[in-house]
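Step one of this worksheet: look at the structure below.
Because the structure is predicted, anything quoted here is derived from the model rather than measured. Throughout, protein chains are lettered first and strands after them, A, B, ... in sequence-line order, and every chain is numbered starting at 1.
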There are 2 protein chains.
Amino acid sequence: MPYVMVQIPNSAAPAAPQPRSVPTSADVARLAGVSRATVSYVLNNTSAVRISEPTRRRVHEAAEELGYVPHAAARSLRAGHSRMVLMPAPNVPIGPLYSQFINELQWALSRLDYTVVQYASVGLRGDEAARAWAELRPAAVLVPVGGLGPQGVAVLKRSGARAVVTLGSERIEGAHSLLIDHEGVGRVAGAHLYARGRRRIGVVVPEEPGLKVFSKPRLDGVRGALEGTDATVTVLPLAYEEESAARLAARWPELGLDAVFGFNDEYAMLLMRALQDEGVTVPDDTALVGADDLILGRLLRPRLSTVHIELPAGRDLAELVDRAVRNPGATPETHHVLGATLVHRDSS
Amino acid sequence: MPYVMVQIPNSAAPAAPQPRSVPTSADVARLAGVSRATVSYVLNNTSAVRISEPTRRRVHEAAEELGYVPHAAARSLRAGHSRMVLMPAPNVPIGPLYSQFINELQWALSRLDYTVVQYASVGLRGDEAARAWAELRPAAVLVPVGGLGPQGVAVLKRSGARAVVTLGSERIEGAHSLLIDHEGVGRVAGAHLYARGRRRIGVVVPEEPGLKVFSKPRLDGVRGALEGTDATVTVLPLAYEEESAARLAARWPELGLDAVFGFNDEYAMLLMRALQDEGVTVPDDTALVGADDLILGRLLRPRLSTVHIELPAGRDLAELVDRAVRNPGATPETHHVLGATLVHRDSS
DNA sequence: GCGCTTTACTGAAACGCTTCAGAAAGATCG
DNA sequence: CGATCTTTCTGAAGCGTTTCAGTAAAGCGC
C-alpha cells in the first residue's frame, strides 16, 4: 500500500449555492441598462469609441457586482486569433537550470502580452501531438526538445499557428530554430579532458529514454573534439540508480578509462561516488567532468568540474517569438545559442 | 554579455505559402458534398445518429485532404463546458519528486479524457490570477500550493469551474483540499532527532520566498513534535548558496546545536558540507536530517538521513477531480495525505 | 396505393464575444 | 431653420462548432 488518502469529514457543509449560470456580457449589459456592444467597448477600453464617464461607471459596477469574467474561447473565436503561446511540457524532469529558463521566458512573454500555456500531451507522439496542440489555435508553439517533425510543423501552420519555434539541437524544416549547442557541451568537456592529458575517455549515456535528445549530441560533441587525436571514446550506459552506478564502477579495471564525461552533474555525482566506493581515486585514476554547473556539484569532494551552460535569455527568445508572430510569412530564422564553458574544479 | 545568439543564414528559403485561411468544418462539408452537421456527426462518431459508410468515407477523406483540425474554442463555446484541467505552474522549481508526481497526474487525467494545461500567471497575485484562470473556463482547477484564497475559489466557481482542488498544507473554503502533511514531515524529523537523544535542535528555513508554504508547516511540525519536552528549537534562515551556508556554519559554536532538520535534502546537503568544512562532524557533533529522499543524499558521506515523502498517487487525485467534476454540487472533500516516513542513514 | 417506421441526412439555432455600420440626439454653423 | 458635425450609443452579423427538430426517400405490411 504505497500511500493513504484519508477523508476527513467536513465540519460545516456549506449549502450548495443554486447553480446560477455563469454571467455573460449580456447580463452585464442588462444590469447596466446598456447594449452588449457598449459593455465590450468599456471593458476593453476600446480607444476608437468614446463612451461617457457615467456609462463607463455603470458598466464597471455591473460587471463587478455580477463577478463577470470574459470567456476566452468566445473572444478568440471572434477575434480569429489568440495570444496564446503553447509550450509542450517536457515529460522528463529537466532540472533547475531548464525550469528557471522556462520561468524567465514566461515572464518575458507575458510582458509582451502573450499567455503562456504548458500543454502536456503525454501519450501522443509526433503528428498526433501536433494535432492536439493545433486544436487550441495558439499564436505560437514553442517546442523544447525533439518530438516534432516537419509534418507536425506543417499541421500547426496550416491550423493558423503564426510561429513555430523549436528549441533543441536539430533544425526542423519550416520552423524557427533555436539550436542549443549540446554538441558544444560535449566538445568542451572532451577538449578539456584531452588537454589534461587524458586519452581513454568514457562518456556516460543515460539509459532513461527521454534524455537521448541531450545525450546523443553531447556524445557526438566529445567524439568530435577527439577526432583525429589518439584518444578513444567509450560509451557508458548508466541508469540513474545507485546499483547501476555500482555495476559500472565494478567493471572499471577492465574498462581502463582515465577520464569520464558524466553527461551532467547528477549522473557524474552518482558515478563519482560509485567509483570512490570501488577504490578508484578521482581525479588521479580517473578524471570526471559533469555538466549544468549545479550547486550540489561543488559540495562533493573532490569538487566536480563541470560544463556551465548558458541558456538564451528568456527576453530574447520572447522577442523572437513576437517577431515571428508579427511577420509569419518570413523565412524561418535559425539561431545558434552558444554557451558551453568549462568550469574547472578538482575532479579533473 | 551573458549569452550570445548568433543568427545563421538559412540555406534554402522556402517560398512562403500563400496564407490560405485555415480550413473549417464547412470546408470539409463542401468538399465532401454534405452538410456541416454530417461532418460533425462523422468526425465525432456520434452514436445517436447513423451515417452511411460511403458518406463517412467521403467526409474522412475530405478532412484528411484539407488537413482539417477542429477548433477547440468553438467546440467548448458551443458545448458550454470544457474538459480542461488547469494547473497553475509553480514559479518555484520544486524538484524531481514533485515533477514526477505532476507527470503521473497528467497521465492519469488524460486517461479520463481530460486535457491538462499548465498555466503560468507570473506577475499576478491572488484574485487576479484566479480571474485569468477563470477566463479559460476550465472544468477543474488544481492549485498546487498557496496563492489562492477563498475569494479566488469563488471567482472560479462562479465562472463555471466545476471543481477546485487545492494541494497544500491548508484547507481553503469552498475547495476540495488535498492536505499534504508538511507538518508531518517536520514532526517525523523532530521526533527522530529527539529519539536519538538530541535536545538543541535547529530547523533550516529557506530564505527563498516561494518556499515559505513548505517551510512554515515543516517548522511547525518540528515544534509540535518537541512540545512539552526539554528540547529547544532554533530557526536557521538559509539561502541556497554556498556563502550563506558558510556564514551559518561559522556561527555554529555560538549556536550550540546538536541537531538540525535541513528543510529538504538539498538544503541539508548544502549545510552539511559547510559544517564539515568548518570542522563540525556529522553526526557526532551535530545530527542532520533532510527531506525528499533524493538519490543524491545517499552519495554524500555520511549518507544523509531523510524524511521520505509519499505523494498521493496521480491516479487517485485524478479520480477525485473526476468525481468533483461529475458532481459539482457536493460538499468539498478534504483528504489527508499521509506519507512522511523517516529513512535513517548515517547523518543522524 | 396508403399509412407507418426506419434510414440518412440537412437547416438553423445557439454558445459569448467583438466590431462595423448606423442611428438618435444634441451642438454648431451659415 | 435646415444642414452638417459630433457625441454616444445600439443592432446585428459573424467567428466554428454541436445538436435539436425536421424532412425526403426508401422499405414494409396490408
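Here the nucleotide nearest the side chain of Ser25(B), chosen from dC17(C), dT17(D), dG11(D), is dT17(D). The nucleotide whose nearest atom lies closest to any side-chain atom of Arg36(B) is, among dT17(D), dT10(D), dG16(C), dT17(D). For Leu77(B), taking side-chain heavy atoms from C-beta onward, the closest of the listed nucleotides dT18(C), dG16(C), dC17(C) is dG16(C).
Between Ser52(B) and Ala74(B), the one whose closest nucleotide on DNA chain C sits nearer the 5' end is Ser52(B). Mapping Tyr41(B) and Arg137(B) onto DNA chain C via the closest heavy atom, the residue that lands nearer the 5' end is Tyr41(B).
For Glu319(B) and Arg315(B), the salt-bridge test passes: some basic side-chain N is under 4.0 Å from an acidic carboxylate O.
Applying the 3.5 Å distance criterion, the base of dT17(D) shares no donor-acceptor pair with the side chain of Arg75(B). Residue-to-nucleotide contacts include no donor-acceptor pair under 3.5 Å from the side chain of Arg50(B) to the base of dA8(C). With hydrogens and angles ignored, a donor-acceptor pair closer than 3.5 Å exists between the side chain of Arg78(A) and the base of dT18(C).
When the side-chain nitrogen and oxygen atoms of Ser35(B) are compared with OP1 and OP2 of dT10(C), one or more of them lie within a distance under 4.0 Å.
Among the protein residues, Thr55(A) comes within range of the sugar-phosphate backbone only, with heavy atoms under 4.0 Å from sugar or phosphate atoms but none that close to a base. Counting any heavy atom pair closer than 4.0 Å across all strands shown, Ser76(B) reaches no nucleic acid atom. Using a 4.0 Å heavy-atom cutoff across all strands shown, Ser40(A) reaches at least one base atom of the nucleic acid. Here Ala79(A) lies out of heavy-atom contact (under 4.0 Å) with every strand.
Between the side chain of Arg83(B) and the main chain of Tyr114(B), no donor-acceptor pair closer than 3.5 Å is present. A donor-acceptor pair under 3.5 Å links the side-chain atoms of His176(A) to the main chain of Glu333(A), judged by distance alone.
Rounded to whole angstrom, the span from the CD1 atom of Ile51(A) across to the P atom of dT19(C) amounts to 13 Å.
The OG1 atom of Thr166(B) sits 9.0 Å away from atom CG of Leu142(B), with the distance rounded to the nearest 0.5 Å.
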